[in-house]
Amino acid sequence: MQPVGRQYVVVRPLFSEDSFAEQYERINRNRKTLRHHLKDYFTCDKNRAKNAALSFLPITGWMKNYNIKEWLLGDIVSGISTGLVAVLQGLAFSLLASLPPGYGLYTAFFPAIVYFFLGTSRHLSVGAFPILSLMVGAVVTRLVPDEGLSTNITGFEGLSMEQQRVLVASSVTFVMGAFQLIMGLLQVGFIVMYLSDTLVSGFTTAAAVHILVSQLRFVLGLDFPGINGPLAIVYTLVEVFSRITNTNVADLVTSIVIMALVLIVKEINDRFKSKLPVPIPIEVIMTVIACGVSYAFNFEERFDVVVVGEMVNGYESPVAPNLEVIKESAVEAFPMAIVGFAVAFSVAKVYSVKHDYTIDGNQELIAFGISNIFGASFRSFAASTALSRTAIQESTGGKTQIAGVLSALMVLIVIVAVGFLLEPLPRSVLGALVIVNLKGMLMQFRELPFLWKNDRSDFVTWVLTFLASLFLGLDLGLAVGLGAELFTVVCRTQFPRCSVLANITGTDIYRDRKDYISISEPDGVKIFKIPSPIFFANIDFFRDKLVQAVGFSPVRVLKKRNKALRKIRKMLQNGELEVSDGGLKVRHPSTDTSEEDDSSMEGLDQPTDFSGLPIQVNWNTELPANISVPPVNMHSLVLDFTAVSFLDISALKGLKMTLKEFIRIEVDVYIVSCDVYIMEKLHQCTFFDDEIKTSIFYPTLHDAMLHILEKHPDHGELEKDISRNNGIIQRDCISV
């Protein structure tokens, strides 16, 4: 290859796949079979055991490289800042889980300690996540409703409603952690790839609306039981508006003031984050002020405001999960495991790219699985990460999970020492803080116009996921969203946008003939491209689109030709036709108007047989009267397999049948840019025979077109234009 300015010149032989294989020898590689992969996976030696142990404890990797001088101060500041936020979010998100506020502190402590040793992300803040809390709350209120009898479960005897709810939350968290641990051990961390950004956006937006509606009863100071199940959001809104006249004005005013001030200060933090050493901890400030005002003016008795009340004091003894609760909640725990991991992994991936280190999806599953199992034993509920909390940990200078441990220590101080100071805090303040933190998720509605303009399939996935999650519940909504997403993928592969290509004048480039003005389509040649794998679900679509592209059905033409040959033989035998220099001539018209029976229709799809005829029929000339055959105005068909990544057996059979149909009506078929491994599969599956030969395969589209030009030199001016502009055929050599 010789560069000439912004042009290039290539002189090489014209290759088919056969001639290319003769000139360039391939390396015979021994590919591993499934047995070899399994053997390698389960083989253990000293080095592999050591590496496995180190990968199971990622802390050993980064701790030995810890830079005390540069990182410690940042981790301390970050840990304190994140810990204060973790305390408040733990209290607030426990309301979503329908649990006493103090138990959210356990969720902010135990999982974070375990993740410190097992997690691969250095910036993730582990603890309560609002969507998971809401999903836990749905299980809690289903098994232990606010009104009426609890589900008949062994182990509930002698427990208060609060204790029953804590047991349910810890049991479902245990199952969730078990699912995550099993998936991590089975190395299926890739499962998160099936949750696209569009699906997650629609799901989290619906969850944000659920959370917003669920907090209205706290913000307005209304007293009615929590509702779960399909259409829960509708029933909750009905309850809110039917009781709106009972709104507690003190709760409402407090919530509005809190939300307004927090939103304003958060906006200031965003605007001036480059100038502020640390973000203003407005949630902490407002919580302290609200506690003081509530205590000073006795909000609980004077204004009938519901406050946090008695806080947990220290740690309770470990508790085993309830087996009956596990049976009742296993179905809901699995989507919780997926959602918790998907959100945490997505956030961790963002910061790992930003700070240039790697994370391991399978190890993250193991870390969160063990964190949730361990936390559930100490009465915490489902843990993942909160986006705002992780952003604070990173933006305030956190470099490693030491910041996470320090934030857990801040929670520990609240649990064992100063938790009683939060007892006067109105629950409406926690509800207001929850609603304010939904801003980022609710703003995802802004994605809809972009999706509508640029990708209607993703738009449909977003809307279906959102509506299903909103009205059917988060667990069913996730399943519907995943189904919608997979359906769009199937549609895109089952119904790809096939096209007919033509040559861009003056180049060796071929594009869709509908998209360009200066384009040359050679006479008698069709270039057909299918931009997807060919498999059992789209092989019929491929055949139909190919028939539309060429303008005729090859099997119909073949049957018509064979039927015409039978008629010609019969007329010759009856003396109705004679052979002359001009071809076949009719002596006298046939009087036989009988139709052929079904048995005589057999064999019409076989290759045309001219044996026994004194002349070979030219199907493009005028045929004798009352003999009609559809015209075929092409001599070559080129199939561009550039985008075909695999063929299954069903598609292979359908492709073979299609190629034979064209070959039998004297249309030369060529396949170009076929993947090497597909070629190997074709050889293994005995694709080639007397009709379909390896010589029809060419490495590039231009190679095939120049071969066609050489074979049909006088078949149209456009092909001469290709020769003049793109290549000169001289002794099987191309000069482009």
Side-chain angles (χ1 to χ4, degrees), residues 32-44 48-49 51-58 61 111 114-115 117-121 124 126 129 131-132 135 172-200 203-204 326 329-350 352-353 357-376 382-385 461 465 474-490 493 645-646:
K32 289 184 178 181
T33 62
L34 177 61
R35 182 174 64 85
H36 288 107
H37 283 293
L38 291 175
K39 182 180 178 181
D40 291 343
Y41 184 77
F42 290 106
T43 299
C44 185
R48 186 164 186 181
N51 292 334
L54 292 177
S55 65
F56 185 72
L57 290 171
V114 176
Y115 188 85
F117 295 98
L118 302 180
T120 58
S121 173
L124 215 58
V126 177
F129 177 53
I131 294 175
L132 282 183
M135 297 175 79
V172 72
T173 300
F174 182 90
V175 185
M176 168 189 165
F179 278 132
Q180 291 177 328
L181 179 59
I182 292 170
M183 288 190 291
L185 294 175
L186 294 177
Q187 304 285 292
V188 293
F190 63 86
I191 195 171
V192 73
M193 298 178 185
Y194 292 97
L195 302 179
S196 67
D197 291 343
T198 303
L199 183 148
V200 172
F203 176 79
T204 52
I326 290 176
S329 62
V331 174
E332 288 129 311
F334 184 73
M336 288 166 56
I338 298 296
V339 171
F341 170 64
V343 172
F345 185 75
S346 300
V347 175
K349 188 164 59 174
V350 170
S352 70
V353 172
Y357 62 90
T358 59
I359 56 173
D360 183 349
N362 295 313
Q363 180 60 29
E364 286 294 294
L365 273 172
I366 293 173
F368 276 106
I370 296 178
S371 296
N372 280 303
I373 290 173
F374 182 74
S384 178
T385 186
T461 299
T465 304
L474 296 180
D475 47 356
L476 292 177
L478 182 64
V480 171
L482 187 59
E485 182 181 57
L486 295 179
F487 180 74
T488 61
V489 173
V490 169
T493 54
S645 57
F646 72 87

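Numbers here simply count residues along the sequence, with the first being 1.
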Asks: Residues two or more places apart in sequence or in another chain: which of them pass ring pair (Phe, Tyr, Trp, His ring centres under 6.0 Å) with Phe129?
Replies: none
Asks: Do Phe334 and Phe179 have their ring centres less than 6.0 Å from each other?
Replies: yes
Asks: Would you give the length of the straight line joining atom CD1 of Ile131 to atom CZ of Phe203, rounded to the nearest 0.5 angstrom?
Replies: 5.5 Å
Asks: If you take all heavy atoms of Gly177 and Asn372, which pair is closest and at what distance?
Replies: CA-CB, 3.8 Å
Asks: Compare every heavy atom of Leu132 with every heavy atom of Ser384, then report the nearest pair and how far apart it is.
Replies: CB-CD1, 3.5 Å
Asks: Say you draw a straight line from CG of Leu124 to OG of Ser352; how long is it, rounded to the nearest 0.5 Å?
Replies: 10.5 Å
Asks: Atom OG1 in Thr120, atom CG in Asp360: separation rounded to 0.5 Å?
Replies: 6.0 Å
Asks: When rounded to the nearest 0.5 angstrom, what distance separates CG in Leu365 from CD1 in Ile370?
Replies: 11.0 Å
Asks: Do you know which two heavy atoms are closest between Gln180 and Phe341, and how far apart they sit?
Replies: NE2-N, 3.8 Å
Asks: What pairs with Tyr357 under side chain to side chain donor-acceptor pair (under 3.5 Å), at least two apart in sequence or on another chain?
Replies: His123
Asks: So do the side chains of Ile359 and Phe345 get within less than 4.5 Å of each other, counting heavy atoms only?
Replies: yes
Asks: Distance from Met336 atom CE to Ile338 atom CD1, nearest 0.5 Å?
Replies: 12.0 Å
Asks: Roughly how far apart are Ile366 CD1 and Ile182 CD1, rounded to 0.5 Å?
Replies: 11.5 Å
Asks: How close do Phe56 and Gln363 get, heavy atom to heavy atom, and via which atoms?
Replies: O-NE2, 3.1 Å
Asks: Do other residues, nucleotides or ligands put more than 12 heavy atoms under 6.0 Å from the CZ atom of Phe646?
Replies: yes
Asks: Of all the heavy-atom pairs spanning Leu195 and Leu199, show the shortest one and how long it is.
Replies: CD2-CD2, 3.9 Å
Asks: List the atom pairs, with distances to 0.1 Å, where a side-chain N or O of residues 477-487 and a protein N or O form a donor-acceptor pair under 3.5 Å, not counting sequence neighbours.
Replies:
from	atom 1	to	atom 2	distance (Å)
Glu485	OE2	Ser196	N	2.9
Glu485	OE2	Ser196	OG	2.3

Asks: How close do Val175 and Ala330 get, counting heavy atoms only, and between which atoms?
Replies: CG1-CA, 4.2 Å
Asks: Checking the side chain of Asn362 only, and the main-chain atoms of Val188 only, is there a donor and an acceptor separated by less than 3.5 Å?
Replies: yes
